S.K.: 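My questions will all concern the structure given below.
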Amino acid sequence: MLIGELAERSGSSERLLRYYERAGLLRPERLPNGYRTYAESDVTAVRRIRALLAAGLPTRIIRQVLPCTTGTAAVHPCPGVLDALHAQLRDLDRRSADLAAARQALQKTIDEATARQAPKPTDNAAPTARMEPKSTTR
């Protein structure tokens, strides 16, 4: 199948499929005219790639994990894959902790700024008008 059909069947754009190829995630055959031709299994591969991306994996790890996935995107324990997944999980945990700390600092800043706001007048008294003295010169 050509790239347009793969895009339609996988729910991806042609541009994204070209990116997957550049990243080494897809390896289409090339026709003599330079057109890419994809296998039926590439529809499933694109869906797996998208699922792994949604799980937070970068393409460099997906390239390593993809050959170890099944039709349901379950990962089999290929050499080095579990180590890569554990490293990615540690990285996500670190980034999550960094985000939580940044959120806490921002909330503290907001709370402190809110506490420093000038209080608004709460009484219902009308403001007193300031009267200017009348001039005695005509």
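These figures come from a predicted structure and were not determined experimentally. Only heavy atoms go into these numbers, but all of them, side chains included; no hydrogens, no water, no symmetry mates.
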S.K.: To the nearest 0.5 Å, tell me how far Y20 OH sits from R50 CZ.
M.R.: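 The distance works out to 5.5 Å.
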
S.K.: Look up atom CG in L82 and atom CG in L89, then write down how far apart they are to the nearest 0.5 Å.
M.R.: 11.5 Å

S.K.: Between OG of S41 and CZ of R48, what distance do you get to the nearest 0.5 Å?
M.R.: 8.0 Å

S.K.: Do you know the tightest heavy-atom contact between V81 and C68?
M.R.: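 Taking V81 first and C68 second, the nearest heavy atoms are CG2-SG, 3.6 Å.
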
S.K.: Is it the case that over 12 heavy atoms from other parts of the model lie below 6.0 angstrom from the CZ atom of R30?
M.R.: yes

S.K.: Do side-chain atoms of D83 reach the backbone of G80 as a donor and acceptor pair under 3.5 angstrom?
M.R.: no

S.K.: Table please: side-chain donor-acceptor pairs of residues 2-11 below 3.5 Å, with sequence neighbours left out.
M.R.:
unit_1, atom_1, unit_2, atom_2, d
R9, NH1, E40, OE1, 3.1
R9, NH2, E40, OE1, 3.3
R9, NH2, E40, OE2, 2.2
S10, OG, L6, O, 2.7

S.K.: Using the rule that two of Ile, Leu, Val, Met, Phe, Trp, Tyr join whenever any of their side-chain heavy atoms come within less than 4.5 Å, decide whether L53 and V65 are in one cluster.
M.R.: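 As far as the 4.5 Å side-chain criterion goes, V65 and L53 are connected within one cluster.
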
S.K.: Are any non-hydrogen side-chain atoms of T59 and L52 less than 4.5 angstrom apart?
M.R.: no

S.K.: Using 0.5 Å steps for rounding, measure from the CG atom of D42 to the CZ atom of R47.
M.R.: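 Answer rounded to 0.5 Å: 12.0 Å.
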
S.K.: Please check: side-chain N/O of T109 versus main-chain N/O of A105, any donor-acceptor pairing under 3.5 Å?
M.R.: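 Yes: the side chain of T109 pairs with the backbone of A105.
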
S.K.: Please report the interatomic distance NE2(H86) to CD(Q88), rounded to the nearest 0.5 Å.
M.R.: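 Between atom NE2 of H86 and atom CD of Q88 there are 12.5 Å.
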
S.K.: Using the rule given for salt bridge (charged side-chain N to carboxylate O under 4.0 Å, His left out), can you reason through E21 versus R36, listing the C-alpha separation, both sets of side-chain angles and the distance that settles it, and then say yes or no?
M.R.: CA-CA 10 Å; E21 181 183 359; R36 294 167 178 87; 2.4 Å; yes

S.K.: State, yes or no, whether a side-chain contact exists between M1 and V43 at a heavy-atom distance under 4.5 Å.
M.R.: yes

S.K.: Test Q107 against E112 for side-chain contact (heavy atoms from CB on, under 4.5 Å), laying out the working first.
M.R.: CA-CA 9 Å; Q107 185 64 57; E112 289 171 353; over 6 Å; no

S.K.: In terms of side-chain geometry, is the basic nitrogen of D91 or R94 positioned less than 4.0 Å from the acidic oxygen of its partner?
M.R.: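 A salt bridge is present here (some side-chain N lies under 4.0 Å from a carboxylate O).
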
S.K.: So does L16 get a backbone contact from the side chain of S13, meaning a donor-acceptor N/O pair under 3.5 Å?
M.R.: yes

S.K.: Do other residues, nucleotides or ligands put more than 12 heavy atoms under 6.0 Å from E29 CD?
M.R.: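 It does not: E29 CD has 12 such atoms or fewer within range.
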
S.K.: So with a 6.0 Å cut-off around CD of Q104, is the heavy-atom count from everything else above 12?
M.R.: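 Check fails, neighbour count at 12 or below.
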
S.K.: Report the distance from atom CG of L17 to atom CZ of R22, rounding to the nearest 0.5 Å.
M.R.: 11.0 Å

S.K.: Kindly give the heavy-atom pair with the smallest separation between A45 and L66, and that separation in Å.
M.R.: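 Heavy atoms of A45 and L66 come nearest at O-CD1, 4.3 Å.
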
S.K.: Verify side-chain contact (heavy atoms from CB on, under 4.5 Å) between L25 and Y19, making sure each step is shown before the conclusion.
M.R.: CA-CA 9 Å; L25 303 176; Y19 169 74; 5.6 Å; no

